[in-house]
**Q** 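Okay, handing you the structure first.
Every value quoted in this text rests on a predicted model; they were computed, and no experiment measured them. Residue numbers start from 1 in every chain, and the chains themselves are labelled A, B, ... in the order their sequence lines are given, proteins ahead of strands.
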Amino acid sequence: MHTEVELASTYGNPREDDGGVFAGLTEPQARAVRHTEGPLLVLAGPGSGKTRVITRRIAHLVQCGIPPWQILALTFTNKAAAEMRERVLHLLGEGGAARGLTVTTFHALCARLLRRWAEVANLPGLKPDFAIFDSADQLSLMKKTIEGLNLSTGNWPPRSVLSRISEAKNDLQDAETFAARHHDFAGRTVAKIYQAYQKALRTAGGVDFDDLLVLTARMLRENAAVREACRERWQYLLIDEYQDTNRAQFVIASLLAGEGQQGRPPNICVVGDPDQSIYGWRGADITNILDFEKAFPGAEVIALGENFRSTQKIINAADAMIRRNTRRKHKTLFTSNPPGEKIDAVSCRDEHHEAQIVLEWFRARRAEGLAWKDMAVFYRTNALSRVVEDELRNAGVPYVVARGTAYFQREEIKNAVAYLRVVANPADDVSLDRVINTPARGIGDTSLDKLRNVAAIRGVPLADVLRSLESNGAAALGVELTARAQNAIGKFIRTLDDWRDVAKPSPFMGAAAQGQYETGALAELVERVIRESGLEAMYKAGKTESDEERLANLAELVTSAREFEETFDPGADPVLTDPRSAAAGTYAAPTNVLTMLHAYLERVTLVADADSVDPAQGAVTLMTLHAAKGLEFGAVAMVGLEERVLPHARVAEMPDQLEEERRLCFVGITRAMQRLLVTDARYRSFRGVPERQIASRFLAELPADLVSHSDQSDEFGGDDNGHRSAWDKPSATIESTRRAHKAPQARIGGRALAEGVLVRHPQFGIGRVEAVTGGQGARARIRFRDVGVKTLVLEYARLELIDEG
DNA sequence: CACTCATTCCTTTTT
DNA sequence: GGAATGAGTG
């Protein structure tokens with residue numbers, strides 16, 4: 001292997017090496033790129049050229065003569081992986097110098113490894129054609145599991161049980177370990193559910209997101225052969241966004257990195273920023289990055305603190321705020337960019353007013369020459385996007401909401417994908433349940449319940465029962481079915497078989513027999529499934545606009561399948577038996593549609609919201625703060641800077657989460673290159689109920705001299721008194737500014753609060769109104785059932801109206 | 001068995 | 001404000 005001395009002689013004068021991997025790098029950046037052997041931690045502040053360093057470093061490794069297939073780069077999202085791959089390719093030239101390089105997400109890598117090795121590694125109940133269950137699938141399976149145990153979903157909400165199990169999985173506790181550690185009633189019950197859930201999951205031939213990591217960690221730990229095969233192949237490991245890794249991911253990384261070769265330390269390079277760790281709730285363990293040097297002794301640490309993205313004012317504000325966190329590795333943020341404008345802060349009346357403010361601010365930015373695509377709106381929760389969307393739509397401003405998962409959550413797409421999943425894996429009961437009577441084909445709940453019962457008793461997938469019904473009749477199963485239902489089921493099974501025959505490798509099918517894949521076969525299968533399942537006819541029969549839209553979406557699914565096949569690169573498969581064949585370009589293509597279908601479904605399931613961010617669209621981008629990480633925009637508007645929204649309400653119960661909320665805010669601020677707007681609203685409606693809001697503490701943490709604040713939250717202010725706009729160019733019209741805010745006096749949720757009305761208070765409980773005074777600072781005297789009479793200021797009292805009866 | 005209308009819970013963030 | 005159940009009718 002190359003040493004630093006040799007490299008130094010090759011790249012003696014980086015800055016003049018135009019076009020080379022060291023061109024234009026700062027000293028610390030170059031140091032990170034130059035580092036090839038042994039553990040390396042790059043602490044990369046926002047806008048510090050992190051991606052640049054990573055991609056250059058990979059290119060550098062390859063230029064040093066390391067075979068690309070020995071390099072594994074891991075990210076969290078497909079988008080990050082795609083971007084990295086593209087940039088490395090660009091650096092190395094399209095000539096195939098990067099062939100065999102593995103750049104992928106943790107989850108996708110695990111899926112591939114498991115499919116390749118599951119049988120060898122003897123993982124209980126895991127078949128190589130397993131389906132990956134997304135959150136919706138998990139939820140419906142969990143519901144069934146809880147009901148199957150005769151527990152109430154009221155006492156054991158599937159969501160929270162799932163999150164407890166997910167927590168356990170992220171910490172690598174299986175059901176048995178979990179059971180051994182929890183002896184209280186709730187813990188024991190969850191353990192029982194955990195066990196049953198895993199069993200149901202395996203029966204359905206499925207794994208959930210967490211399982212992908214857990215099972216891979218376990219496989220690598222317990223199976224020396226697999227472990228060695230992976231280590232043998234990947235000598236250089238790189239992990240992006242390392243601050244977001246959880247315990248399972250840390251174990252996988254450590255096992256892959258191994259002990260290094262011949263007593264030398266492992267070549268693991270991790271890049272991240274503890275200040276941008278925002279996935280603690282998903283098990284991300286910030287100590288992974290804080291203690292990297294402990295886990296990998298002798299690690300070189302390089303801090304990239306210089307920011308090349310934002311103005312001084314933005315950087316200084318972000319720095320001042322994040323300094324308040326105590327659990328961090330301090331690095332000084334600085335920039336030699338221009339000072340820039342002050343941060344705009346506007347206090348608004350309510351969320352509608354806020355949306356108008358954002359719109360006007362964007363128009364002003366556009367007047368200054370910024371394009372729509374250079375602007376973005378960030379918010380803490382998805383629910384906040386709606387009002388902004390409405391405002392932009394009405395104003396005719398083009399926008400896109402970054403919700404990559406949304407497309408695949410549409411009913412029609414879920415249906416079509418569920419059919420495909422049943423083709424790929426007939427045991428997938430969750431998908432089968434979804435499609436067996438969609439569109440309605442006469443297989444009703446009564447019949448299904450009987451058959452599900454049989455399946456549950458025998459512990460086999462429903463599909464097996466259906467099949468045995470088809471060959472042996474209902475009597476053999478010990479159930480009675482109407483002839484109508486039996487016919488319908490028979491027909492359904494035969495349709496499935498037809499599709500599977502097409503998909504299966506068949507020695508009689510010409511090209512397939514030669515081991516060649518015919519491009520278009522997957523798209524053809526998707527098209528066939530949509531047509532022959534009756535989905536197409538079902539939506540064609542409907543005449544509403546949404547039905548037309550649904551047909552269009554289904555057509556799009558066919559297109560997406562076609563695109564997938566066309567861009568599918570079998571050489572990029574991380575688990576090729578012989579990586580050298582990838583380098584040589586002589587790998588074997590997949591031989592049948594089923595293989596392609598599996599790859600496609602995997603891709604479809606492992607999408608992230610951030611994956612859909614496409615600045616080429618020429619539109620304003622709307623997204624959650626979480627999705628914003630890693631991106632940058634000329635002008636950023638952050639809305640909902642309020643207590644209980646941006647530090648989220650949950651912080652009240654879990655104070656240690658406050659620092660993560662602050663990091664979230666930090667991430668948002670540091671996305672802005674030139675201009676930043678932060679807004680808070682005095683009133684905001686949650687689920688239709690307006691609530692009095694308090695400005696976020698984070699606003700107060702921004703140094704006053706960097707902020708230009710404009711309070712427009714006055715009830716009737718901000719109409720046309722000249723103070724409406726705090727910035728240079730207010731828009732010419734006042735169109736919607738007139739939508740006066742409803743006076744909060746003596747009103748709750750738009751309904752008048754009168755004597756004798758029942759209300760609920762978050763602390764005091766239920767009470768009856770005895771008297772109301774209106775006007776500014778309206779009050780009500782309320783006799784509470786439990787705590788007696790209190791006089792409350794309506795503005796602050798977050799009361800809820802209760803209907804009598 | 002299929003479809004329509006009312007009632008319930010909900011939401012933090014996502015691979 | 002909306003999705004996801006459940007009751008009731010054709």
**Q** Using a heavy-atom cut-off of under 4.0 Å over every strand shown, decide if A:Thr446 touches base, sugar-phosphate, or nothing.
**A**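 Sugar-phosphate contact only.
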**Q** Check the phosphate of B:dT13 against A:Lys629, side-chain N and O only, distance under 4.0 Å to OP1 or OP2. Yes or no?
**A**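 Negative; the distance criterion is not met.
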**Q** Is the distance from OP1 or OP2 of B:dT14 to the nearest side-chain N or O of A:Thr624 less than 4.0 Å?
**A**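 Yes.
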**Q** May I ask you to verify if any side-chain N or O of A:Ser685 is less than 4.0 angstrom from the OP1 or OP2 atom of C:dG1?
**A**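 Negative; the distance criterion is not met.
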**Q** Please answer whether B:dT14 and A:Phe209 are stacked, defined here as ring centres separated by less than 5.5 Å and planes angled under 30°.
**A**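 So A:Phe209 does not count as stacking on the base.
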**Q** Give a yes or no on whether a salt bridge exists between A:Asp428 and A:Arg434, defined as a side-chain N under 4.0 angstrom from a carboxylate O.
**A**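 Answer for the salt bridge query: no.
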**Q** Measure from the side chain of A:Ala383, starting at C-beta and using heavy atoms only, and say which of B:dT11, B:dT14, B:dA2 lies closest.
**A**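 Output: B:dT11.
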**Q** Is there a donor-acceptor contact under 3.5 Å from the side chain of A:Asp429 to the main chain of A:Leu462?
**A**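 Yes, A:Asp429 side chain to A:Leu462 backbone: donor-acceptor pair under 3.5 Å.
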**Q** At what distance, to the nearest 0.5 angstrom, does CD of A:Gln486 lie from CD of A:Glu480?
**A**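 Those atoms lie 10.5 Å apart.
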**Q** In whole angstrom, give the distance that lies between atom CG of A:Asp433 and atom P of C:dT5.
**A**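 Rounded to whole Å, this separation is 12 Å.
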**Q** OP1 or OP2 of B:dT13 versus the side-chain N and O atoms of A:Arg282: is any pair under 4.0 Å?
**A**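 No, outside the criterion.
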**Q** Within this structure, what is the NZ-to-P distance between A:Lys143 and C:dA4, rounded to whole angstrom?
**A**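 It works out to 8 Å between those atoms.
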**Q** Please report, rounded to the nearest Å, how far the C1' atom of B:dC10 is from the CZ atom of A:Arg650.
**A**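 From A:Arg650 CZ to B:dC10 C1': 14 Å.
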**Q** Roughly how far apart, to the nearest Å, are C:dG6 and B:dT11 at atom C1'?
**A**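 Result for the C1' pair: 22 Å, nearest Å.
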**Q** What is the nucleic acid contact for A:Asp210, judged by heavy atoms within less than 4.0 Å: base, sugar-phosphate only, or nothing?
**A**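 Contact class for A:Asp210: none.
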**Q** When the distance from CG of A:Leu212 to P of B:dT14 is rounded to whole Å, what number comes out?
**A**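 After rounding, the gap between these two atoms is 19 Å.
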**Q** Could you check whether A:Ser447 gets within reach of a base, just the sugar-phosphate, or nothing at all, counting any heavy atom under 4.0 Å?
**A**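 Sugar-phosphate contact only.
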**Q** Let me know the distance between CD of A:Glu660 and C1' of B:dT14, rounded to the nearest Å.
**A**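 Taking atom C1' of B:dT14 as the reference, CD of A:Glu660 is at 12 Å.
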**Q** Between A:Asn382 and B:dT11, is there a contact of a side-chain N or O with OP1 or OP2 at under 4.0 Å?
**A**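 So the side chain of A:Asn382 is outside the cut-off, no N or O lying under 4.0 Å from OP1 or OP2 of B:dT11.
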**Q** Write down the distance between CZ (A:Arg159) and C1' (B:dC9), rounded to a whole number of angstrom.
**A**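 Atom CZ in A:Arg159 sits about 11 Å away from atom C1' in B:dC9.
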**Q** Establish, for the pair A:Arg349 and A:Tyr683, whether the NZ or CZ atom is under 6.0 angstrom from the six-membered ring centre and no further than 45 degrees off its axis.
**A**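 Output no; distance or angle outside limits.
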**Q** Could you verify whether a donor N or O on one side chain and an acceptor N or O on the other, from A:Asn288 and A:Thr245, lie under 3.5 Å apart?
**A**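 The answer is yes; a qualifying pair exists.
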**Q** Closest-nucleotide mapping onto DNA chain B: is A:Pro157 or A:Arg484 further toward the 5' terminus? I mean the 5' end.
**A**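 Final value for this comparison: A:Arg484.
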**Q** Rounded to whole angstroms, how far apart are CD on A:Gln486 and P on B:dC1?
**A**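 After rounding, the reported distance stands at 13 Å.
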**Q** NA contact type, A:Arg663, heavy-atom cut-off 4.0 Å: base, sugar-phosphate, or nothing?
**A**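 Result for A:Arg663 = nothing.
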**Q** Of A:Arg687 and A:Lys414, whose closest DNA chain C nucleotide lies nearer the 5' terminus?
**A**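 Residue closer to the 5' terminus by nearest nucleotide: A:Arg687.
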**Q** Can you tell me the distance, in whole Å, between the CZ atom of A:Arg644 and the C1' atom of B:dT13?
**A**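 Those two atoms, CZ and C1', are 17 Å apart.
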**Q** When we call it a touch if two heavy atoms are under 4.0 Å apart, what does A:Gln657 touch: a base, just sugar-phosphate, or nothing?
**A**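 Base contact.
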**Q** Quick check: on DNA chain B, is the nucleotide nearest A:Ala440 upstream (toward 5') of the one nearest A:His648, or the reverse? Name the residue that is more 5'.
**A**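 That would be A:Ala440.
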**Q** Would you say the side chains of A:Gln243 and A:Glu241 form a donor-acceptor pair under 3.5 Å?
**A**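 Yes, because at least one side-chain N or O of A:Gln243 sits under 3.5 Å from a partner of the opposite role on A:Glu241.
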